[in-house]
Amino acid sequence: MPELAEVEFFRRRWDPALGERIVAAEIHASARCCRGISPSALRRAAEGRRLLRSHAAAKQMAFVLEGGAWIGVHLGMTGELLCLPGDAAPGRHDHLVLRTSRGRALVFRDPRMFGRIQCWQGKGEPPWWAAIAPPILSPAFTPAALAAFLRRRARSPLKAVLLMQERFPGIGNWMADEVLWRAGLHPKAKAGRVGPRSLARLHAALREVCRDALRVIGKDWSDPPDSWLFNHRWEKGGRCPRTRGPLLRAAVGGRTTCWSPRRQVLGAERR
DNA sequence: ATTCTTGTTGCATC
DNA sequence: AGATGCAACAAGAA
């Protein structure tokens, strides 16, 4: 589920505990989500420290604690964060529970365990946080940078390219489809064949979808309007909100992809 | 029962 | 060397 805006939404779930002290960190050591870190390091980073602030970037979150300690969370496919009353017993898929001084339980829940917890302590940002690509909504995301990236991935379908986090941080399956639909580009179009006008539309659509998603879903997870492809992409017999024509679905770049064949015509990307 | 899934990684192949 | 494609990871829903 979690892409850019959903991650921003979940990040704020732990906000009620900002300023509170973590009194205990309960880790299900068997959980795959904690691969690569030691439970004791995570406990050292969390226990006895106050939660100062949190960040979201791409599909990741970071929670900053006193003393330069960081806890990183990637929600994977099915992860979520919850803030529960402190006496709540952890469920089967609650892999990390932070108990706070004011009686809250900050829970990382992830049935499918594709998510990941990281921790770090030191000066400045942890390397895994600093390595995240600059946001699509930042000035660094220029049409020229987009063009250069498409050239390098010339033989891949646009859909597969938009899922590459090193250039499109936070874009996931539904956002990629939404972007291509708004830009009027076919998901199977080769990245290397995108002409200047299509490039400009793709650049604009990327920024627009990020902005809209953060405003609508990131803020309070409201339902997106029916004018988005989002509301129709899984509907049986769903129709394109702009052309009223049928929507097609197929695997592109290994992922289920939905597009509107009347809007997104293969070959039109060359302009 | 079977097939699907809004993510990432590692490996084989081009 | 770098780009590309795909299986694997695991659980639950349809």
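Here is how names work: the chains are called A, B, and so on, in the same order as the sequence lines, proteins then strands, and each is numbered from 1.
Shown here are the side chain to side chain donor-acceptor pair (under 3.5 Å) partners of Gln121(A), two or more places apart in sequence or in another chain: Arg49(A). Considering only residues two or more places apart in sequence or on other chains, Trp234(A) meets the side chain to side chain contact (heavy atoms under 4.5 Å, CB included) condition with Arg249(A), Thr256(A). With sequence neighbours left out, the side chain to side chain donor-acceptor pair (under 3.5 Å) criterion links Glu269(A) to no other residue. For Arg255(A), the side chain to side chain contact (heavy atoms under 4.5 Å, CB included) test picks out Lys159(A), Leu163(A), Asn173(A), with sequence neighbours left out. Under the ring-ring contact (aromatic ring centres under 6.0 Å, His included) criterion, Phe108(A) pairs with no residue, sequence neighbours left out. Looking at residues two or more places apart in sequence or on another chain, you find a side chain to side chain donor-acceptor pair (under 3.5 Å) between Arg104(A) and Glu20(A).
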Between side-chain atoms of residues 144-154 of chain A and protein atoms elsewhere (two or more places apart, or another chain), which donor-acceptor pairs fall under 3.5 Å?
{"unit_1": "Arg153(A)", "atom_1": "NH2", "unit_2": "Glu166(A)", "atom_2": "OE2", "d": "2.5"}

Listed pairs under 3.5 Å, donor-acceptor, residues 212-220 of chain A side chains, sequence neighbours left out:
{"unit_1": "Asp212(A)", "atom_1": "OD1", "unit_2": "Arg215(A)", "atom_2": "NH2", "d": "2.7"}
{"unit_1": "Asp212(A)", "atom_1": "OD2", "unit_2": "Arg182(A)", "atom_2": "NH1", "d": "2.7"}
{"unit_1": "Asp220(A)", "atom_1": "OD1", "unit_2": "Ser222(A)", "atom_2": "N", "d": "3.1"}
{"unit_1": "Asp220(A)", "atom_1": "OD1", "unit_2": "Ser222(A)", "atom_2": "OG", "d": "2.5"}

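Under the ring pair (Phe, Tyr, Trp, His ring centres under 6.0 Å) criterion, no residue pair touches residues 74-94 of chain A, with sequence neighbours excluded.
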Mind listing the N/O atom pairs, protein and nucleotides 12-14 of chain C, below 3.5 Å?
{"unit_1": "dG12(C)", "atom_1": "OP1", "unit_2": "Arg92(A)", "atom_2": "NH2", "d": "2.9"}
{"unit_1": "dG12(C)", "atom_1": "OP1", "unit_2": "His93(A)", "atom_2": "NE2", "d": "2.8"}
{"unit_1": "dG12(C)", "atom_1": "OP2", "unit_2": "Arg92(A)", "atom_2": "NH2", "d": "3.1"}

For nucleotides 9-14 of chain B, which of its nitrogen or oxygen atoms have a protein nitrogen or oxygen under 3.5 Å away, and what is each distance?
none

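Helical stems in DNA chain B, defined as runs of 3 or more consecutive Watson-Crick or G-U wobble pairs with donor-acceptor distances under 3.5 Å: B:2-5 with C:11-14, B:7-14 with C:2-9.
Aromatic stacking is marked for Phe114(A) over dC9(C), as both cut-offs hold: 5.5 Å for the centres and 30° for the planes.
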